[in-house]
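Being a predicted model, the structure only gives us computed values, none of them experimental.
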Amino acid sequence: MAGVDTIGKGAYITNQNYSGVKIDIHNPVVNVPQQGTTVQKTEPVKIYKYTETQIPPEYYPQMIKNQPALPPKTVIVKELPRPKTADKLPESVIEKVTVPVPPASYIEESEPAPNKNQNTAPVQDKNEQEPAKPAEDTVIKPSNTPPEGINIEDLKTYAAPPSEPVNTIPAPEISNTNNNTVVNKIADPEENINRQLSKVEIVPPGDTSPVIDYIKIVENLDSPNYDVQALQLKEIVDAGLSGKPEAIKPYLIEPVFHSVIDIVSKDTTTLAGPTDSQNQIRSMIAENLAAHEKQKQENVPDDKIVLPHNISEQDINYANTLSPLELAERNKEYGIATLALLSKAFVNRVQKDTGSVVPVTDVPGLSAIVNSLKSDNYKIRLNALDALIYLQREEYARELTPIYEALINTDTNETVRAAANFALNSLNAKKLPEQQVQTAAA
């Protein structure tokens, strides 16, 4: 390539003297011409050593010049054998088979029986003519009776007469009354059938205990909200005081006992009690109540009653708000009463089912009630005494007597000592009939 001339924006190559690259099959060497040298022309080496005349002309006629085209070859199609006619087939193939046909059956027409269920006859049009009835001796031959000696293939076109009568639904009756068309109801054949009614068996009622949600009850008893606990305890107490054993029966399950025992045995020493301001306002409220009661006894009119302290409504609401300690102690009192009802119902049920009395050590929740007698709150001790009086029996006298005697001699609260004395006397009264029976037997 000698040079490049630029024309406009394009490029045009001049003096293009290219020399082809000669490649020898047997000795492949690339001969690249150098600048300023003359390239000698060489003949290409032929790979195949046969002449063009050796190629058959019928395969490559275009390679041979002035060669006339060969005539087209004719294809001879052999004639197919002609099909044989049907008369040359075996006679057994086209042999006819005849099936004997039973003689035709004849049906005599008879008058239909009157329908008893039909109360009204259909009204016919006067212009409509009745079809002529055939004579009694006339024999009607069915149209689908096959002729005798018929081929078996043609026999399929004839329908056989039905072997059983076909039940048909009668058409509704239409009557014309004062140019008004009335369609009468078709009588149902099953309406007149006397059906035998089955006897109704009355099943006696089974367990009529109310269905309760145990999971929800236990969740309420274990709730950190003291009001939710109190409402659930009240529900159980109401069931125990209803006088119906089946009302308290669904609550006699182990999870309920455990949850109530946890409420009664809760450690309240770390809970916050009422504030000093609350205690001061409560004392003022108590003094006002005492003064009001004294003046009422002296027949002082209501508009003339004078109270020692003037307390605002806001202070009264603040004083009446219970602290966490007071809420827990309140629920303890409720829990002791609830546990007493549940325990007595359990003892009575076991005695009814087995005839034996549950030992005092096996009464569920009794140990939690006895431990409540050690509480610093005298109200809880009073509630525990009430629960023991509710549960005591002559079979439990040996265990309960020393408990009552210890409270009578050591308790600091006079009300608690009086309640313990009452409990001991009531227990001794239950022991007397048993001792009298033993003395009489001796």
Side-chain angles (χ1 to χ4, degrees), residues 218 220-224 226-238 240-241 248 251-252 254-274 322-347 358-393 395-427:
V218 174
N220 293 340
L221 294 175
D222 297 339
S223 174
Y226 295 107
D227 292 337
V228 174
Q229 289 182 1
L231 292 175
Q232 187 60 63
L233 292 171
K234 180 181 181 301
E235 178 183 329
I236 301 175
V237 170
D238 292 341
L241 297 178
I248 192 68
Y251 299 96
L252 302 179
E254 186 175 356
V256 174
F257 273 100
H258 283 308
S259 298
V260 178
I261 291 173
D262 291 341
I263 293 175
V264 175
S265 305
K266 183 178 178 60
D267 183 13
T268 58
T269 56
T270 59
L271 298 178
L322 299 179
S323 63
L325 175 63
E326 293 171 323
L327 291 173
E329 296 288 303
R330 180 201 66 182
N331 285 4
K332 277 190 175 185
E333 298 176 20
Y334 295 166
I336 291 172
T338 306
L339 201 55
L341 290 170
L342 292 173
S343 300
K344 187 168 185 178
F346 174 79
V347 172
V358 179
V360 65
T361 55
D362 295 340
V363 177
L366 186 61
S367 60
I369 296 175
V370 174
N371 291 332
S372 299
L373 296 172
K374 303 176 184 180
S375 175
D376 297 335
N377 189 347
Y378 77 96
K379 293 182 180 180
I380 293 180
R381 299 199 300 271
L382 284 176
N383 277 272
L385 275 173
D386 290 341
L388 292 178
I389 294 171
Y390 183 74
L391 291 172
Q392 66 186 7
R393 305 167 62 102
E395 293 86 358
Y396 304 156
R398 185 170 63 89
E399 292 81 9
L400 295 180
T401 299
I403 295 175
Y404 295 153
E405 292 176 351
L407 289 173
I408 293 171
N409 298 326
T410 61
D411 197 271
T412 58
N413 188 276
E414 182 180 358
T415 307
V416 175
R417 293 197 301 268
N421 190 20
F422 174 81
L424 181 61
N425 293 334
S426 61
L427 182 60

(message) Let's go through Asn383 and Tyr334 carefully: what are the C-alpha distance in whole Å and the side-chain angles of both, what is the deciding distance for side-chain contact (heavy atoms from CB on, under 4.5 Å) to 0.1 Å, and is it a yes or a no?
(response) CA-CA 9 Å; Asn383 277 272; Tyr334 295 166; over 6 Å; no
(message) Using a 6.0 Å cut-off, check whether atom OH of Tyr378 has over 12 heavy atoms from anything other than its own residue.
(response) no
(request) Nearest 0.5 Å please: distance from the CD1 atom of Ile380 over to the CG atom of Leu373. (result) 10.5 Å
(message) Can you confirm whether Leu385 sits close enough to Tyr404 that some side-chain heavy atom of one is under 4.5 Å from a side-chain heavy atom of the other?
(response) yes
(request) Considering non-hydrogen atoms only, spot the tightest contact between Gly365 and Leu339 and give its length. (result) O-CD2, 3.3 Å
(message) Any heavy-atom pair between the side chains of Arg330 and Leu327 that's under 4.5 Å?
(response) yes
(message) Quick one about Tyr251 and Glu235 (side-chain donor to acceptor, distance below 3.5 Å, no hydrogens or angles considered), yes or no?
(response) yes
(message) Quick one, Leu424 with Glu405, criterion side-chain contact (heavy atoms from CB on, under 4.5 Å). Give me CA distance, side-chain angles, the key distance, then yes/no.
(response) CA-CA 8 Å; Leu424 181 61; Glu405 292 176 351; 4.0 Å; yes
(request) Working to the nearest 0.5 Å, report the span between CZ of Arg417 and OG1 of Thr410. (result) 9.5 Å
(message) Looking at every heavy atom in both Val264 and Gly335, which two are closest together, and how far apart are they?
(response) CG2-C, 3.5 Å
(request) Would you mind reporting whether Tyr396 and Leu427 have side-chain heavy atoms less than 4.5 Å apart? (result) no
(request) Check whether any side-chain N or O of Thr338 sits under 3.5 Å from a backbone N or O of Val237 as a donor-acceptor pair, and report yes or no. (result) no
(request) Please check if the side chain of Ser259 supplies one atom and the backbone of Val256 the other of a donor-acceptor pair under 3.5 Å. (result) no
(request) Mind listing the closest non-hydrogen atom pair of Ala328 and Leu271 along with its distance? (result) CB-CD1, 3.6 Å
(message) Between Ile236 and Ile248, is there a side-chain heavy-atom distance shorter than 4.5 Å?
(response) yes
(message) Is it true that, when you exclude Phe422 itself, more than 12 heavy atoms of the residues, nucleotides or ligands shown sit nearer than 6.0 Å to its CZ?
(response) no
(message) Ignoring hydrogens, what is the shortest heavy-atom contact between Ala423 and Gln392? Give both atom names and the distance.
(response) O-OE1, 3.6 Å
(request) Assess whether side-chain contact (heavy atoms from CB on, under 4.5 Å) is satisfied between Thr269 and Leu325, documenting all intermediate values. (result) CA-CA 8 Å; Thr269 56; Leu325 175 63; over 6 Å; no
(request) Return each pair, listed once, that meets side-chain hydrogen bond (donor to acceptor under 3.5 Å, both in side chains) where at least one residue sits in residues 359-377; pairs must be two or more places apart or across chains. (result) Glu329-Asn377
(message) Looking at every heavy atom in both Ala420 and Ile408, which two are closest together, and how far apart are they?
(response) CB-CG1, 3.6 Å
(request) Flag the pair Lys266 and Asp262 as a salt bridge only when some basic side-chain nitrogen lies within less than 4.0 angstrom of an acidic carboxylate oxygen. (result) no
(request) Kindly give the heavy-atom pair with the smallest separation between Gln229 and Asn220, and that separation in Å. (result) CG-O, 3.6 Å
